[in-house]
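Worksheet for the structure shown next.
Proteins come first, then strands; the chains are lettered A, B, ... in the order of their sequence lines, and each starts at number 1.
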Amino acid sequence: NAGVMQNPRHLVRRRGQEARLRCSPMKGHSHVYWYRQLPEEGLKFMVYLQKENIIDESGMPKERFSAEFPKEGPSILRIQQVVRGDSAAYFCASSMGPNTEAFFGQGTRLTVV
Amino acid sequence: KNQVEQSPQSLIILEGKNCTLQCNYTVSPFSNLRWYKQDTGRGPVSLTIMTFSENTKSNGRYTATLDADTKQSSLHITASQLSDSASYICVVSESSGTYKYIFGTGTRLKVLA
């Protein structure tokens, strides 16, 4: 049973390009959470999704950021027109339910040049 | 405002020594408190989880304590090993049913030979 899989591990984008971060939850997990970790800061909640539904996106920036978790396939965090301030580590976690233990992936380190 | 503060920010100890990391939180209402270990370039891995009614929880050489009255927790590491070098993050969950973890910024521990 593989853990939470995120890819790519490292992503470099030029300003103005789009970044797509993927997260495959653990087998049997239907709840996915995305967090962002800026340098020297703690992880910050971005969005919580269940299959085909966004439950809470209160931590997502209002513009340029979107997330989905389709019926089939991984969850995707999409950042349009990236800026230097988007450079961070983006972590995905998954759980069986909202009150159960969440397990984290290895993260995707996005660098905007 | 819900916050989790950790101290010290960083710590260097010699292999074999013990150390204690501190966590103060203002999260209310409180559901549970977790300690995570995050190796450089990896995702957080859970060490312990404590609910309101628990005072102490051990996991091998890691022992966590919780004082819900003073809203303080500590993580004690016994007989440190080189592999303990990592960031240790205190994470507090709001009342049951809420998935939004509040992360501390972590204590960076370096164990030297």
- request: Side chain from CB out, backbone as N, CA, C, O: work out which of these in B/Ile49 comes under 4.5 Å of a heavy atom of chain A, or both, or neither.
  value: side chain

Flag if over 12 foreign heavy atoms under 6.0 Å of CE, B/Met50: yes

query: Got more than 12 heavy atoms from elsewhere within 6.0 Å of NZ, B/Lys17?
result: no

query: Where does A/Ser58 contact chain B at under 4.5 Å (heavy atoms): side chain, backbone, both or neither?
result: side chain

message: Is it the case that atom CE in A/Met5 sees more than 12 heavy atoms from other parts of the structure closer than 6.0 Å?
response: no

message: Using only non-hydrogen atoms and a strict under-4.5 angstrom cutoff, which residues of residues 33-41 of chain B touch chain A?
response: B/Arg34, B/Tyr36, B/Gln38, B/Gly41

query: Is B/Ile77 reachable from B/Leu82 through a run of hydrophobic residues whose side-chain heavy atoms are each under 4.5 Å from the next?
result: yes

message: I'd like to check B/Pro44 versus A/Phe91 (side-chain heavy atoms, cut-off strictly below 4.5 Å). Are they in contact?
response: yes

field: A/Arg15 atom CZ, over 12 foreign heavy atoms within 6.0 Å
entry: no

message: Let's go through A/Tyr35 and B/Phe103 carefully: what are the C-alpha distance in whole Å and the side-chain angles of both, what is the deciding distance for ring pair (Phe, Tyr, Trp, His ring centres under 6.0 Å) to 0.1 Å, and is it a yes or a no?
response: CA-CA 10 Å; A/Tyr35 297 87; B/Phe103 287 77; 5.3 Å; yes

query: What part of A/Ala102 gets closer than 4.5 Å to chain B, counting heavy atoms only: side chain, backbone, both or neither?
result: both

message: Quick check on the interface: out of A/Tyr33, A/Phe45, A/Tyr48, who has the most heavy-atom pairs with chain B under 4.5 Å?
response: A/Tyr48

field: Nearest-0.5 Å distance that lies between atom CZ in A/Phe104 and atom OG in B/Ser46
entry: 9.5 Å

message: Quick one, B/Arg108 with A/Glu40, criterion side-chain contact (heavy atoms from CB on, under 4.5 Å). Give me CA distance, side-chain angles, the key distance, then yes/no.
response: CA-CA 10 Å; B/Arg108 290 172 190 74; A/Glu40 306 302 317; 3.3 Å; yes

query: Crowded around B/Gln3 CD? As in, over 12 foreign heavy atoms under 6.0 Å?
result: yes

message: Quick check: is A/Phe69 connected to A/Val4 through a chain of hydrophobic side chains (ILVMFWY, heavy atoms under 4.5 Å apart)?
response: no

field: From CD1 (B/Ile89) to CD (A/Gln37), nearest 0.5 Å
entry: 6.0 Å

message: Are B/Leu66 and B/Tyr88 linked, directly or through intermediate hydrophobic residues, by side-chain heavy-atom contacts shorter than 4.5 Å (ILVMFWY only)?
response: yes

- prompt: Would a hydrophobic clustering, with Ile, Leu, Val, Met, Phe, Trp and Tyr connected at side-chain separations under 4.5 Å, put A/Tyr90 with A/Ile54?
  reply: yes

B/Arg42 atom CZ: more than 12 heavy-atom contacts under 6.0 Å: no

